[in-house]
Amino acid sequence: MTLIASGVAYRHPCGDILFSNIDLTVRPGERVAISAPSGTGKTTLCRILAGYLRLSQGTVEIDGANIESFAGRPMPVQLLWQQPELAFDPRARVSRSLEDAGAVSKQSLERLLDRFDAKASWLNRYPHELSGGELMRLSMVRALLVDPAYLIADEATAMLDAVTQAQLMGEMVRLTEEGLGLIFVSHSPSLVRRVSTRVFSLIDTPL
Ligand SMILES: Nc1ncnc2c1ncn2[C@@H]1O[C@H](COP(=O)(O)OP(=O)(O)OP(=O)(O)O)[C@@H](O)[C@H]1O
């Protein structure tokens, strides 16, 4: 499954163009860091690639299928937010949000909880009853439950302590060795150097 963004442009509702002519191809197992100065559209591009935001021009396709055609079906591109609470309904126990992510077998859930060192008992809590690190682990579990082909991590580990950050980034790298494609944004040049197999410069400006 190859992810291909061609001629992508985004225009704000006020009409201002944020970026245009973005061409990006990501293949299974690649780890692509999106680099660009603050405010130039990295998060916006991440949201477009994951189908959260409508592009103004161009296409995003997965193996020839437009990303918009996955509406109502499990999305093969999953987004990890920097604020993991955005992935959970604050009025419901975490287990409910995981169920809403899609039909999932108990085995897959247990396997993923184990992989991300997350406790099954956390599922009975509300999002505000979990620490940032715990919620991030569960947000990774949620993203991977639908067995996506691509994971987009938008500064997903930036708020975490160094140990948790290293552990979760390490797990993401292992997932890419199993074929997952990873697109990530990080303001840490050393993390980008360590993790990425390629850097995509959004506006041709180095990090
Ligand atoms: N509705 C809007 N109208 C005009 N500008 C907007 C609107 N929404 C967002 N922006 C601007 O779009 C720009 C791109 O935002 P985005 O979050 O994608 O950048 P970024 O590269 O991820 O930034 P950072 O590195 O600081 O997180 C920002 O300058 C933001 O102020």
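Read the numbers this way: they start at 1 and go in the same order the structure lists the ligands and their atoms.
Ligand 1 places these atoms under 4.0 Å from at least one heavy atom of His187: 25 (O). Listed by number with element, the atoms of ligand 1 under 4.0 angstrom from any heavy atom of Thr44 are 15 (O), 16 (P), 18 (O). Per-residue contacts place Pro13 under 4.0 angstrom from the following atoms of ligand 1 (heavy atoms of the residue considered): 1 (N).
Nearest non-hydrogen protein atom to atom 25 (O) of ligand 1 is Lys42 NZ, 2.8 Å. Closest protein heavy atom to atom 19 (O) of ligand 1: Gly41 N, 3.3 Å. Of the protein's heavy atoms, Thr43 CB, 3.5 Å lies nearest to atom 17 (O) of ligand 1. Scanning all protein heavy atoms for the shortest distance to atom 26 (O) of ligand 1 gives Ser38 OG, 2.6 Å.
Under the 4.0 angstrom criterion for non-hydrogen atoms, Ala36 is not in contact with ligand 1. For the ligand labelled ligand 1, residue Asp16 lies outside the 4.0 Å heavy-atom shell.
Protein heavy atoms are found less than 4.0 angstrom from atom 9 (C) of ligand 1. For atom 23 (O) of ligand 1, the nearest protein heavy atom lies under 4.0 Å away.
With a heavy-atom cut-off of 4.0 Å, Leu202 does not touch ligand 1 at all.
For the pair Glu110 (side chain) and Gln107 (backbone), a donor-acceptor distance under 3.5 Å is absent.
Salt bridge absent: Arg174 and Glu177 never bring a charged side-chain N and a carboxylate O closer than 4.0 Å. The pair Arg54-Glu68 meets the salt-bridge criterion, since a charged nitrogen lies less than 4.0 angstrom from a carboxylate oxygen. With salt bridges taken as basic N to acidic carboxylate O contacts below 4.0 Å, one links Glu178 and Arg115.
Annotation: the span from Leu145 atom CG to Gln78 atom CD amounts to 9.0 Å, rounded to 0.5 Å.
For Tyr52 and Trp81, the distance between ring centers is under 6.0 angstrom.
Connection of Leu53 to Leu79 is established within a shared hydrophobic cluster, with ILVMFWY side chains joined at heavy-atom distances below 4.5 Å, either directly or through further cluster members. Hydrophobic clustering places Leu182 together with Val173 (ILVMFWY residues linked when any side-chain heavy atoms are closer than 4.5 Å, directly or through intermediates).
Looking at every heavy atom in both residues, Leu180 comes nearest to Pro148 through CD1-O, 3.2 Å.
For the residues Arg11, His12, Arg47, Glu155, the heavy atom positioned nearest atom 3 (N) of ligand 1 is part of His12.
Inclusion of Gly39 in the set of residues having an N or O under 3.5 Å from an N or O of ligand 1 is warranted. Close N/O approach between Cys14 and ligand 1 is not found [any backbone or side-chain N/O within under 3.5 Å].
A donor atom on one side chain and an acceptor atom on the other are not found under 3.5 Å apart for Ser69 and Asn66.
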